[in-house]
S.K.: 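Got a structure for you, written out below as structure tokens; questions coming shortly.
Every chain is numbered from 1 and lettered A, B, ... according to where its sequence line falls, protein lines coming before strand lines.
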Amino acid sequence: MTDGHVLEDKSHFRGVWVFLEARSGGLRDVSTQLIGEARRLADLRGMPLTGVLPGHGVDPLAEHAIGYGLDRVLVVDHPILDIYRSRPYATVMAQLIRRHKPEIVLFGASKNGRDLGGRLHAILETGLAADCVKFDIDGEGNLDMIRPSFGGKSLAHILCKKHRPQMASVRRNVFVAPPHRPDRTGEILHESIELSPADVDATLLEFQEFTNEEGLRPEEAAIVVCGGYGLGDAKHFAMLQDLADRLGGAVAASRKAVDSGWVPKMLQVGQTGMTVRPRLYIAIGVSGAVQHLAGMQESEKILVINLDAKASLFEIADYGIVGDLFEVVPELIRQLDELKPGGVASRGALAAEAR
Amino acid sequence: VIGGPPGIDPPRIVVCIKQVPKAQELQVDPVTQTLKRVGVPSEINPPDANALELALALKDRSGAEVVVLSMGPTSFDESLERAIGMGADRAVLLTDRILGGSDTVPTAYALSETIQKIGGYDLILCGEETTDASTGHVGPGIAGHLDIPQITYVSDVRVAEGKIRARRTAEDGTEYWETGMPALCTVNFGCNKPRAPTLTGKIRVKRGGVLVHWSCADVGIDPKKVGLLNSPTIVAKVDTIKLPPRAGRLFTGDVKDAVRALLEALLGDGVIAP
């Protein structure tokens, strides 16, 4: 089911594509973030920028996507594309790529984006670089796909010199979405791809949406309070939640805390978890394994609270307190309460006056 | 054309595993800013261990033959033997010099060919990604090569009446998928607790005959499709990350004073609002 190993002349391949992932009637933010970077690459190459949108009834979304900087959108509209399904989406992308021969194809590294890219690169037998954080064009016109190597302490430059298209995925929040310009015009092209019911080889029986009871997601929060192995027990995460609540932030966790079963995996920051870049990242009892750094080192400011002065995270801290987190965090909460108008301190003062 | 004869009894589950340096042991050399790899012990890639545990749980529940497959140097025997110790029935190591430097395209191809050589299969399980290369591309790549259904990022799989039901974790919720067999699932890191090897399992390893080494020629892998030179991607160079300089202000002394000074700094720098 693969393309075989006969390489086609790469000069036949032109243009930059972005896979547009629809979710609950909108575009995933990783898709809009990618458009900005893809625009830059297309301009560097002097080539058009195309969004590819498989789905059902997605024309309004295609129109909207153009506003982020696309020249055109290829829409494949079919009832079986109404939700993401591995096989039909890979079939659609493979056929469109063979038909139009883009030079570069970018995917958001969402679960579906990785599911699609992984299947597709094997079918097309071309290169796919995961989790890129930066792109460049080299002297020969190749896409320089830059990604953190093992542990995130170094950056590997990946090139796909002979095969086309050059494909790469990018995690959420690595690039910033360009401003939306509703007046921007672009072309919407409807592509037909033959799909049959046999392409639906898996059925979605049920979907249970995560409720927002746990509050703000770390990826969306301006302040992230991350707990590590130093917390010692699941119950101590309540204290971190108290701190996060006072700062309007979200709680996250290191891999060791997740491994210990204290908090769900979906809160994990790091290489096998999520990437965050908040205004302030507060690491509490986190030693700072290199895999952890990969998920948070782009934070604007980093505050580290750890008993171990040698914890490697202190090396990248903007602010640090070496001390027992069970003393420091309650004190931090107490002083934050004092700062708030009507907080403990002012209430205390009022009580004293009343006496 | 693809897959095995349907309805093998008991069903055969192939679990693809990789041996990686132990993640927790990795430290950065403060001087060179590179990873200290020397003397770092190896382990089964943790998400692959979760995939193996899932397979063994299926075996416990309703019977299955669990075959563990890896591709790499013979030092990977250590992990394959551990897998048998945990309860896998047998193991295959695809090992050949010409595979060296393969990226995910030849790796997915070579593993697909080896799975077909193993014979019929009902379910292929892989970890969601490896902790060293961290791409997550090989599992879906195998499914693409074999042209079978794939369900990625699953935390549980049930097999009943020739069908697979899998619980998939998406960003915004949990999806329940059903598909026919054979199929491939990639398993979430941390979704279960991999069991320890048992004495019986270790004895099976000692007795031998449960682990085979295959070369590319044994499997019928096209040498022109594997290895560094036949990989679409190359690592052109590696740069040490120059992290933006950080202020590194350390607040010391009495906890009260340190916290007060910290809050003043955070407020003063506009990092938090009063």
S.K.: Contact part of A:Lys265 toward chain B, heavy-atom cut-off under 4.5 Å: side chain, backbone, both or neither?
M.R.: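 When you check distances to chain B, only side chain atoms of A:Lys265 fall under 4.5 Å.
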S.K.: Relative to chain A, which of B:Leu266, B:Leu267, B:Asn188 shows the most heavy atom pairs under 4.5 Å?
M.R.: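 The candidate making the most pairs under 4.5 Å is B:Leu266.
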S.K.: Are the side chains of B:Glu171 and A:Met274 in contact, using a 4.5 Å heavy-atom criterion?
M.R.: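 When only atoms from C-beta onward are counted, B:Glu171 and A:Met274 do not touch, as no gap falls below 4.5 Å.
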S.K.: What do you reckon, is NZ of A:Lys10 surrounded by more than 12 foreign heavy atoms closer than 6.0 Å?
M.R.: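 Atom NZ in A:Lys10 is packed in, count exceeds 12.
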S.K.: Which bit of B:Leu262 comes within less than 4.5 Å of chain A, counting heavy atoms only: side chain, backbone, both or neither?
M.R.: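 Contact with chain A is through the side chain of B:Leu262 alone.
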S.K.: Please report the closest heavy-atom contact between B:Leu263 and A:Gln335, naming both atoms and the distance.
M.R.: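 Minimum heavy-atom separation between B:Leu263 and A:Gln335: CD1-CB, 3.5 Å.
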S.K.: Considering only heavy atoms from C-beta outward, does the side chain of A:Asp115 approach that of B:Ile151 to under 4.5 Å?
M.R.: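 No, their side chains stay 4.5 Å or more apart.
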S.K.: Between A:Arg23 and B:Asp172, is there a side-chain N and carboxylate O pair less than 4.0 Å apart?
M.R.: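 Yes, A:Arg23 and B:Asp172 are salt-bridged.
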S.K.: Does any heavy atom of chain A fall under 4.5 Å from the side chain of B:Ser134, the backbone, both, or neither of them?
M.R.: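 For B:Ser134, backbone and side chain are both near chain A.
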S.K.: Could you check whether any side-chain heavy atom of B:Thr179 comes within less than 4.5 Å of a side-chain heavy atom of A:Thr203, counting everything from C-beta outward?
M.R.: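 A side-chain contact under 4.5 Å is absent here.
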S.K.: Between A:Asp131, A:Asp324, A:Ile302, which shows the greatest number of heavy-atom pairs under 4.5 Å with chain B?
M.R.: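 Between A:Asp131, A:Asp324, A:Ile302, the count favours A:Ile302.
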S.K.: For A:Phe326, I'd like to know if atom CZ has over 12 heavy atoms of other residues, nucleotides or ligands within 6.0 Å.
M.R.: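 More than 12 heavy atoms, drawn from other residues, nucleotides or ligands, come within 6.0 Å of this atom.
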S.K.: Can you tell which part of B:Ile234 gets under 4.5 Å to a heavy atom of chain A, answering side chain, backbone, both or neither?
M.R.: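 Backbone plus side chain of B:Ile234, per the 4.5 Å heavy-atom cut-off to chain A.
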S.K.: Chain B heavy atoms under 4.5 Å from A:Asp144: which part of the residue, side chain, backbone, both or neither?
M.R.: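 Nothing of A:Asp144, per the 4.5 Å heavy-atom cut-off to chain B.
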S.K.: Name the region of A:Glu300, side chain, backbone, both or neither, that has any atom closer than 4.5 Å to a heavy atom of chain B.
M.R.: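 For A:Glu300, the backbone is the part near chain B, not the side chain.
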S.K.: Do A:Ile321 and B:Leu250 come within less than 4.5 Å of each other through their side chains, counting heavy atoms only?
M.R.: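 Side-chain contact under 4.5 Å: no.
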S.K.: Counting N and O atoms only, with roles assigned by atom type, does the side chain of A:Glu206 sit under 3.5 Å from a partner on the main chain of B:Glu175, one being a donor and the other an acceptor?
M.R.: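 Not a single qualifying donor-acceptor pair exists.
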S.K.: What is the minimum heavy-atom distance between B:Val271 and A:Arg279, and which atoms define it?
M.R.: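 Scanning both residues completely, I find the closest heavy atoms to be O-NE, 3.0 Å.
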S.K.: Going by heavy atoms in the side chains, are B:Thr152 and A:Lys111 under 4.5 Å from each other?
M.R.: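 The answer is no, as the side chains (C-beta and beyond) never meet within the 4.5 Å cut-off.
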S.K.: So does A:Arg114 pair up with B:Glu129, basic N to acidic O under 4.0 Å?
M.R.: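 Looking at B:Glu129 together with A:Arg114, the answer is yes, because their closest N to O distance falls below 4.0 Å.
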S.K.: Would you indicate whether the side-chain heavy atoms of B:Val235 and A:Arg147 approach each other to under 4.5 Å?
M.R.: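 When only atoms from C-beta onward are counted, B:Val235 and A:Arg147 do not touch, as no gap falls below 4.5 Å.
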S.K.: When heavy-atom pairs shorter than 4.5 Å are enumerated against chain A, which of B:Ala143, B:Ala108, B:Ala258, B:Gly190 gives the highest number?
M.R.: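 Max contact count across the listed options: B:Ala143.
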S.K.: Using side chain to side chain contact (heavy atoms under 4.5 Å, CB included) as the criterion, point out the one residue from B:His137, B:Gln150, B:His145 that pairs with A:Arg119.
M.R.: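 Of the listed residues B:His137, B:Gln150, B:His145, the side chain to side chain contact (heavy atoms under 4.5 Å, CB included) partner of A:Arg119 is B:Gln150.
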S.K.: Within this structure, what is the NE2-OG distance for the pair A:His163 and B:Ser231, rounded to the nearest 0.5 Å?
M.R.: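 Here the interatomic distance stands at 8.5 Å.
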S.K.: A:Leu204, A:Ile158, A:Val200: which one forms the most heavy-atom pairs within less than 4.5 Å of chain B?
M.R.: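 Heavy-atom pair counts peak at A:Leu204.
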S.K.: Apply the test side-chain contact (heavy atoms from CB on, under 4.5 Å) to residues A:His157 and B:Val238: give CA-CA distance (whole Å), side-chain angles for both, the deciding distance (0.1 Å), then the verdict.
M.R.: CA-CA 6 Å; A:His157 292 251; B:Val238 176; over 6 Å; no
S.K.: For B:Thr186, which atoms come within 4.5 Å of any heavy atom of chain A: side chain, backbone, both, or neither?
M.R.: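 No part of it gets close to chain A.
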S.K.: Can you tell me which portion of B:Lys193 sits under 4.5 Å from chain A's heavy atoms? Options are side chain, backbone, both or neither.
M.R.: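 It is the side chain, since no backbone atom gets that close.
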S.K.: Considering only heavy atoms and a distance below 4.5 Å, find which of B:Lys163, B:Arg165, B:Glu128 pairs most often with chain A.
M.R.: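 With the most close heavy-atom pairs to chain A, the winner is B:Arg165.
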S.K.: Pick one of side chain, backbone, both or neither for A:Leu247, based on which atoms fall under 4.5 Å of a heavy atom in chain B.
M.R.: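 Contact with chain B involves the side chain of A:Leu247 alone.
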S.K.: Under 3.5 Å, is there a donor-acceptor pair between the B:Asp269 and A:Tyr319 side chains?
M.R.: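 The criterion, which ignores hydrogens and geometry beyond distance, is satisfied for A:Tyr319 and B:Asp269.
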S.K.: Please examine the side chains of B:Val105 and A:His121, heavy atoms only from C-beta on, and report whether any two atoms are closer than 4.5 Å.
M.R.: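 Yes, at least one pair of side-chain atoms sits under 4.5 Å.
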S.K.: For residues A:Leu280 and B:Ile272, determine if any side-chain heavy atom of one lies less than 4.5 Å from a side-chain heavy atom of the other.
M.R.: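 Touching, per the 4.5 Å side-chain cut-off.
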S.K.: Between OH of B:Tyr153 and OG of A:Ser110, what distance do you get to the nearest 0.5 Å?
M.R.: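 Here the interatomic distance stands at 8.5 Å.
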S.K.: What's the separation between atom CG in B:Asp103 and atom SG in A:Cys160, rounded to the nearest 0.5 Å?
M.R.: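 Taking CG in B:Asp103 and SG in A:Cys160, the distance rounds to 8.5 Å.
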S.K.: So what's closer than 4.5 Å to chain A heavy atoms on B:Arg167: side chain, backbone, both or neither?
M.R.: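 The answer is neither part of B:Arg167.
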S.K.: Flag yes if more than 12 heavy atoms outside B:Leu229 fall under 6.0 Å of its CG atom; otherwise flag no.
M.R.: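 No - once you tally the heavy atoms of other residues, nucleotides and ligands closer than 6.0 Å, there are 12 at most.
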S.K.: With only heavy atoms counted, which part of B:Phe189 is less than 4.5 Å from chain A, the side chain, the backbone, both or neither?
M.R.: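 Both parts, backbone and side chain.
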S.K.: Can you name the nearest heavy-atom pair linking A:Gly118 to B:Pro140, along with the distance?
M.R.: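 Result for this residue pair: C-CB, 3.7 Å.
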S.K.: Nearest 0.5 Å, please: how far is CG in A:Leu128 from OG1 in B:Thr135?
M.R.: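 Output value for this atom pair is 7.5 Å.
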S.K.: Do you know which two heavy atoms are closest between B:Ala236 and A:Leu159, and how far apart they sit?
M.R.: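 Looking at all heavy atoms of both residues, the closest pair is CB-CD1, 3.6 Å.
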S.K.: Does any heavy atom of chain A fall under 4.5 Å from the side chain of B:Ile142, the backbone, both, or neither of them?
M.R.: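 B:Ile142 has no heavy atom closer than 4.5 Å to chain A.
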S.K.: At a 4.5 Å cut-off on heavy atoms, which part of A:Ala129 comes close to chain B: side chain, backbone, both, or neither?
M.R.: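 Answer is backbone: N, CA, C or O of A:Ala129 sit under 4.5 Å from chain B.
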S.K.: Counting only heavy atoms closer than 4.5 Å, note whether A:Ile83 contacts chain B via side chain, backbone, both or neither.
M.R.: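 Only the side chain of A:Ile83 comes within 4.5 Å of chain B.
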S.K.: Is A:Ala156 close to chain B through its backbone or its side chain, or both, or neither, when contacts mean heavy atoms under 4.5 Å?
M.R.: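 For A:Ala156, heavy atoms of backbone and side chain both lie under 4.5 Å from chain B.
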S.K.: Relative to chain B, which segment of A:Val322 carries a heavy atom at a distance below 4.5 Å: side chain, backbone, both, or neither?
M.R.: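 Interface part for A:Val322: both.
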S.K.: Using heavy-atom distances under 4.5 Å, tell me whether A:Ile223 contacts chain B through its side chain, its backbone, both, or neither.
M.R.: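 Contact with chain B involves the side chain of A:Ile223 alone.
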